[in-house]
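Just so you know, these numbers use all the heavy atoms, side chains as well, and skip hydrogens, waters and symmetry mates.
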Amino acid sequence: MSQDGALETLLHEDRVFRPLPQMVIEANANPQTLENARRQAVDDPLAYWEEAAKELEWFRKWDKVLDESDAPFYKWFTGAKCNIVHNALDRHIKTGNKNKLAIIWEGEAGDSRKMTYFELYRAVNKFANALRSLGVQKGDRILLYMPPLPETVIAMLATAKVGAIHSMVFAGFSAKAMRDRIEDAQPKVIITADGFYRNGRAVHLKSIVDESLMGPNCDSVETVVVVHRANVQVEMQEARDLWYEELVRAESSESHTEVMDSEDMLFLLYSSGTTGKPKGIVHTHGGYQVGINRTLNWVFDIKPTDIFWCTADAGWITGHSYVVYGPLIAGTTSVIFEGHPLYPQADRVWDLIAKYGVTILYTAPTLVRMLMRFGTQYPKKHDLSSLRILGSVGEPINPEAWVWLYKNIGRSECPLVDTWWQTETGSIMISPLPVSVLKPGSCTKPLPAIDADVVDEKGNPVPPGKGGLLIIRKPWPSMLRTLYKDPERYKQTYWEKIPGVYLAGDMARKDEDGYIWIQGRSDDVMNIAGHRLGSAELESALVAHKAVAEAAAIGIPDKIKGEVAKAFVTLAEGFEPSDDLVKELKVHIRNELGPVAIVKTIEFRDKLPKTRSGKIVRRVLKAEELGQELGDTSTLED
């Protein structure tokens with residue numbers, strides 16, 4: 001029983017997977033490179049980051065790698081001049097990448113578009129000129145309420161090119177959620193689409209923008225730019241609303257790239273947080289580009305022939321870092337898909353991989369579990385032999401989903417890199433490389449120069465095998481700089497609960513080999529009869545049963561035990577709910593995790609509440625159970 005706030009650890013995993021010799025031989029960073037980098041970074045982390053920064057082009061070199069004089073408001077590469085768009089786009093036009101594909105886009109209906117780096121460069125320049133014609137200047141905020149389209153990438157890059165700040169709002173948020181963000185960010189321009197296709201139907205976007213702008217504090221918005229996509233009827237307000245295609249038609253395909261300070265703001269991305277008030281997370285040009293460039297190249301071992309598909313929406317940080325900026329800086333080809341992964345049927349993901357010869361698939365555990373539900377019949381219909389690396393991002397991936405993906409999709413040949421990072425960290429922090437020894441369910445070890453550890457509530461390291469709080473001791477270049485208009489909340493949330501270290505808000509444990517296992521959010525911890533248990537372990541045990549496709553576990557109040565666990569289960573195809581199955585699952589959990597892991601109630605559901613990025617929203621289940629208000633549900637898939 002824990003007396004110090006540490007988390008019980010029930011899940012044990014002994015399987016180990018080693019890289020194939022050919023992967024080690026051909027890797028950009030082999031095991032020796034990795035160990036040398038780790039050792040050197042311990043001695044001199046700033047030298048490590050300085051060397052990583054030299055891989056990019058800067059208009060002026062930095063005077064200082066890290067300025068800690070106003071910690072925790074750290075500044076990186078101070079004195080340097082740069083613009084992330086120069087590295088993501090402009091510089092490729094002078095190289096052999098000029099005529100290489102930058103984007104492969106496929107719409108839900110099967111229509112597709114492809115853009116080379118040169119074509120993307122010209123499109124971005126045209127829109128950058130259009131933004132300037134609207135009076136957009138360095139430092140202005142532009143809000144993007146965009147579905148997955150090439151114009152979304154163009155709008156992000158054009159905004160950064162003119163020195164303005166983009167704030168993506170996920171195209172699924174309600175008018176109220178939009179209004180909250182407009183009132184805080186005070187954007188000058190909103191860029192949206194008439195609509196897009198999702199799960200076989202047209203989703204209207206422009207009408208939601210119109211509704212959001214009816215708020216009293218939305219006067220900052222001077223122009224709404226609308227991209228044609230779904231041909232749905234929209235109302236265009238004269239003098240405010242402009243069609244994208246008409247706006248860019250007469251613009252020049254050349255446009256200068258604004259020279260920015262390294263610490264100038266690149267984007268503002270709102271995170272819902274736990275208090276209900278969105279947090280405006282601030283990232284900057286210089287440090288962010290260094291972090292995503294190094295991690296993309298090392299974690300995914302990028303080669304000139306790669307076709308990289310990160311399934312995230314550009315509206316989330318994963319989309320910013322590993323759909324748009326990271327792949328473009330690396331000069332690789334990024335795949336973007338508009339629609340639902342099960343539409344028109346459950347082989348859409350596998351069909352896209354085969355169709356475009358995708359070599360690297362970076363996706364979420366929730367999507368993997370959703371696809372597992374349909375068995376291996378669909379992937380077997382497609383040639384997936386182009387795949388060479390698999391990646392996992394989002395929630396912790398449970399060992400059974402890990403092994404299913406590794407064996408059935410990766411042919412037991414493709415390394416599966418399980419990555420841990422957050423909106424706040426900007427880039428991957430803890431992850432194996434393709435040459436690492438892998439343990440299903442563990443994100444392995446921190447990347448070089450990332451000083452991560454697992455500690456108790458006082459900041460003391462916990463022994464191997466014991467769960468605790470995940471922290472990062474030293475700053476890193478792609479870190480958030482502050483919370484927009486709320487520096488006090490930045491300090492209190494991340495740096496003051498355990499003074500002087502970054503508190504990630506996740507629970508984790510380290511094993512005897514130093515491998516880190518994420519156990520879920522610290523606010524998803526149940527306290528059952530004095531045992532602090534992470535919901536992720538109960539869920540992982542449940543989906544290890546052949547009848548279970550997906551599961552969510554929550555704690556509900558109990559007079560005797562403080563809390564008891566309730567599980568919500570979606571069954572795999574071919575299984576039916578029954579009392580006997582409930583009994584079997586309870587026994588299964590006890591066998592997997594031991595006698596402490598008691599689930600009082602199991603409820604079967606056809607679907608679990610999930611965001612469109614695939615995360616199960618436990619707070620909705622808990623609110624239902626306790627008869628409370630559900631709160632903002634506009635981000636849910638259904």
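In this structure, the side chain to side chain contact (heavy atoms under 4.5 Å, CB included) partners of Ala53, at least two apart in sequence or on a different chain, are Trp58, Trp62, Phe77, Val290. Legend: residues meeting salt bridge (Lys or Arg N to Asp or Glu O under 4.0 Å) with Glu119, ordered by chain and number and at least two apart, are absent. Not counting sequence neighbours, the partners of Lys303 by the salt bridge (Lys or Arg N to Asp or Glu O under 4.0 Å) test are Asp301. With sequence neighbours excluded, the residues forming a side chain to side chain contact (heavy atoms under 4.5 Å, CB included) with Ile208 are Tyr145, Ala175, listed by chain and number. With sequence neighbours excluded, the residues forming a salt bridge (Lys or Arg N to Asp or Glu O under 4.0 Å) with Lys206 are Asp210, Asp241, listed by chain and number. Annotation: ring pair (Phe, Tyr, Trp, His ring centres under 6.0 Å) contacts of Tyr244 (sequence neighbours excluded): Phe127. In this structure, the side chain to side chain contact (heavy atoms under 4.5 Å, CB included) partners of Ala401, at least two apart in sequence or on a different chain, are Val368, Arg369, Met372, Ile397, Asn398. Taking the ring pair (Phe, Tyr, Trp, His ring centres under 6.0 Å) definition, one finds that His320 meets it with His166, Phe267, sequence neighbours left out. Remark: Cys414 pairs with Leu387, Leu390, Arg411 by the side chain to side chain contact (heavy atoms under 4.5 Å, CB included) rule, at least two apart or across chains.
Note on residues 121-133: pairs passing salt bridge (charged side-chain N to carboxylate O under 4.0 Å, His left out), not counting sequence neighbours, are Arg132-Glu258. For residues 342-356, the set of pairs meeting the salt bridge (charged side-chain N to carboxylate O under 4.0 Å, His left out) definition, not counting sequence neighbours, comprises Glu106-Arg348, Glu106-Lys355, Asp347-Lys381. Pairs passing the salt bridge (charged side-chain N to carboxylate O under 4.0 Å, His left out) check and including a residue from residues 315-324, sequence neighbours excluded, do not occur.
Judged by a 6.0 Å distance limit and a 45° cone about the ring axis, Lys98 is positioned over the six-membered ring of Phe118.
Screening Val209, Val169, Val221 for a side chain to side chain contact (heavy atoms under 4.5 Å, CB included) with Ile182, the sole residue that qualifies is Val221.
Salt-bridge annotation for Glu108 and Arg198: absent, with no side-chain N of the basic residue lying under 4.0 Å from a carboxylate O of the acidic one.
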>> One pair to check against ring-ring contact (aromatic ring centres under 6.0 Å, His included): His92 and Tyr121. What are the steps and the verdict?
In response: CA-CA 9 Å; His92 293 306; Tyr121 169 81; over 10 Å; no

>> Using the rule given for ring-ring contact (aromatic ring centres under 6.0 Å, His included), can you reason through Phe17 versus Trp402, listing the C-alpha separation, both sets of side-chain angles and the distance that settles it, and then say yes or no?
In response: CA-CA 11 Å; Phe17 295 83; Trp402 193 105; 5.1 Å; yes

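Between Trp105 and Tyr356, the distance from one ring center to the other does not fall under 6.0 angstrom.
Side-chain contact of Ser431 with Thr419: a donor-acceptor pair under 3.5 Å is absent, judged by distance alone.
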